[in-house]
Amino acid sequence: MAKIKVAADWLAACAGCEMSLLDMDERLVQLLDKIELTSTPITDLKHPPKEGVTVGILSGTVNNTTNVEVVKEMRERCKVLIALGDCAVFGGIMTMRNFFDMNEALKRAYVETESTVEGIIPSSEELSKPIEARPVNQVVKVDVHLPGCPPSADAIHYVLSELLEGRIPVLTGDNLKYD
Ligand code: SF4
């Protein structure tokens, strides 16, 4: 039987969600009998295959113009899109920046931090532009929301196992947490 193709990417994220995915340990190895990981932060391939994948996984907050492109490309190329973790589901800690003027936030980050000496705010046409921080579902349709900071390895395993069985997972009990 052909393996189910899975792609993943992160937006503005701390990598904790990917660590949780790896925390599936030997269960991840067992899953690899049934799934093929294509583009992911683990394989370091940046774009989902043009022919598409069955499952796309996004962690992190949509925080800049490049994140928007990444989210839209993933949506176009996957059948089922999972928002993994509180940042992707709700916007997460990154949305605290929305309470401040963007220039103020950039100045604080690049110029005023106590450890910075002669800092400057990066500026180049090649750099993506910061936007108001938002969850993935404010940019594209999301099929499965998996909250948690990060979600547990058990919850991630449950979601992937249900999808492999052709079911949209319903998160309850210990699999549904918000911390
Ligand atoms: S949800 Fe938590 S663990 Fe996941 S990327 Fe955001 S801050 Fe990191």
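As a basis for the values below, the full set of heavy atoms in this structure was taken, side chains included, without hydrogen atoms, waters or symmetry mates.
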**Fill in**
In this structure, SG of C149 is separated from CD1 of I93 (nearest 0.5 Å) by 8.0 Å

**Prompt:** Any sub-3.5 Å donor-acceptor pair from N67's side-chain atoms to N64's backbone N or O?
**Reply:** yes

**Prompt:** Taking it one step at a time, do R77 and E73 satisfy salt bridge (charged side-chain N to carboxylate O under 4.0 Å, His left out)?
**Reply:** CA-CA 6 Å; R77 297 186 180 182; E73 184 177 72; 3.6 Å; yes

**Asked** Does D174 CG have over 12 foreign heavy atoms under 6.0 Å away?
**Response** no

**Request:** Please lay out, stage by stage, how V6 and T38 fare under the test side-chain contact (heavy atoms from CB on, under 4.5 Å).
**Result:** CA-CA 6 Å; V6 176; T38 59; 5.9 Å; no

**Prompt:** Quick one: are D9 and T40 in side-chain contact, heavy atoms under 4.5 Å?
**Reply:** no

**Asked** How close do P130 and L106 get, heavy atom to heavy atom, and via which atoms?
**Response** CG-CD1, 4.3 Å

**Request:** For D101 and N103, indicate whether the former's side chain and the latter's backbone hold a donor-acceptor pair under 3.5 Å.
**Result:** yes

**Prompt:** Does the pair E114/R108 count as a salt bridge with the N-to-O cut at 4.0 Å?
**Reply:** yes

**Asked** Does a sphere of radius 6.0 Å around CD1 in I121 hold more than 12 heavy atoms from other residues, nucleotides or ligands, not counting ones at 6.0 Å or beyond?
**Response** yes

**Item:** Heavy-atom neighbours of K50 NZ exceed 12 at 6.0 Å
**Value:** no

**Fill in**
dist W10:CH2 -> T61:OG1 (nearest 0.5 Å) comes out at 13.5 Å

**Path from L31 to L84 over hydrophobic side-chain contacts below 4.5 Å** = yes

**Asked** Do you know which two heavy atoms are closest between P147 and F90, and how far apart they sit?
**Response** CB-CE1, 3.8 Å

**Message:** Quick one about N63 and R134 (side-chain donor to acceptor, distance below 3.5 Å, no hydrogens or angles considered), yes or no?
**Reply:** no

**Fill in**
d(D143 CG, N137 CG) to nearest 0.5 Å is 11.0 Å

**Complete:** All heavy atoms of R75 vs all of L81, minimum pair found to be NH1-CB, 3.7 Å

**Prompt:** Nearest heavy-atom pair of P169 and V159: which atoms, and what distance?
**Reply:** CG-CG1, 3.8 Å

**Request:** Of all the heavy-atom pairs spanning A12 and M94, show the shortest one and how long it is.
**Result:** CB-CE, 3.4 Å

**Asked** Got a second to check how far K3's NZ is from L37's CG, nearest 0.5 Å?
**Response** 9.0 Å

**Request:** Would you give the length of the straight line joining atom SG of C17 to atom CG of D86, rounded to the nearest 0.5 angstrom?
**Result:** 7.5 Å

**Complete:** Closest non-hydrogen atoms of P48 and A7, given as atom of the first, atom of the second and distance, are CB-CB, 4.0 Å

**Request:** Would you give the length of the straight line joining atom CG of L160 to atom CD of E165, rounded to the nearest 0.5 angstrom?
**Result:** 12.0 Å

**Asked** Do other residues, nucleotides or ligands put more than 12 heavy atoms under 6.0 Å from the CE atom of M102?
**Response** yes

